[in-house]
Amino acid sequence: MVSASRVISFIGLLALAASLPLSEREENTAWAPTINYPNKWTVWCVGASHHVYWDTSNIPANFNHAIFNLTLVANDTLFDPNHPLAKNFPLDVGAVTITVPSVPAGKYGVDLSSWDAGEGWSQSFEIKDC
Ligand SMILES: *[C@@H]1O[C@H](CO)[C@@H](O)[C@H](O)[C@H]1NC(C)=O
Ligand SMILES: *[C@@H]1O[C@H](CO)[C@@H](O)[C@H](O)[C@H]1NC(C)=O
């Protein structure tokens, strides 16, 4: 005969199993790559080349096949999203080389994002004609 506590713990296990994929998904969509450079001390000159790099430790498994773009951000929106600074790279490369586009001097950020994984923004930094 199956005891009542066994039945309850079995149901508990089923509930746990059912909840795992969901919590995993939530964790993955909430996860965002941390961009280490550029940062708030950065000044970029128009036309210069730089590496942009981000933290590749603890990348969730399902991000490994996602394809990312790096796009300039100005005033909290993507700047010229049809012309990303770099495009179609996997997150685990850890860095891309970009050329600073000819944009008005001011405060900018960069956005690292893919369609089916997370998105990370850098700190705000400066671009100027120098
Ligand atoms: C951001 O907003 C400021 C203030 O409205 C404006 O002067 C500046 O040109 C904007 N920057 C870009 C890149 O659009
Ligand atoms: C990357 O940029 C290209 C445009 O150059 C665009 O077609 C593509 O959808 C973008 N991908 C992402 C993940 O934003």
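Counting starts at 1 for both ligands and their atoms, following the listed order. Along the sequence shown, the residues carry numbers beginning at 1.
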Inset, instruction - Can you label the angle between the W44 ring and the Y37 ring as parallel, tilted or perpendicular, going by 30° and 60°? - result: tilted
Inset, instruction - Using a strict cut-off of 4.0 Å, indicate which atoms of ligand 1 neighbour a heavy atom of Y108. - result: 13 (C)
Legend entry - Under 4.0 Å to a heavy atom of K87 - the qualifying atoms of ligand 2, by number: 5 (O)
Legend entry - Donor + acceptor pair across side chains of N69, T71 (<3.5 Å): no
Inset, instruction - Step through it carefully: locate the ring centre of W54, locate the ring centre of F89, and say whether they are under 6.0 Å apart. - result: yes
Inset, instruction - Give a yes or no on whether atom 7 (O) of ligand 2 lies under 4.0 Å from any heavy atom of the protein. - result: no
Inset, instruction - Record the part of N82 in heavy-atom contact with ligand 2 below 4.0 Å; permitted values are side chain, backbone, both and neither. - result: backbone
Legend entry - Residue part near ligand 2, for S114, under 4.0 Å between non-hydrogen atoms: backbone
Legend entry - Closest protein heavy atom to atom 9 (O) of ligand 2, given as residue, atom name and distance to 0.1 Å: W115 NE1, 3.1 Å
Legend entry - N69, any N or O under 3.5 Å of ligand 2 N or O: yes
Legend entry - Selection from V103, N75, I127 by shortest heavy-atom distance to atom 3 (C) of ligand 1: N75
Legend entry - Sequence neighbours excluded, every pair satisfying side-chain hydrogen bond (donor to acceptor under 3.5 Å, both in side chains) that has a member inside residues 80-89: D80-H83
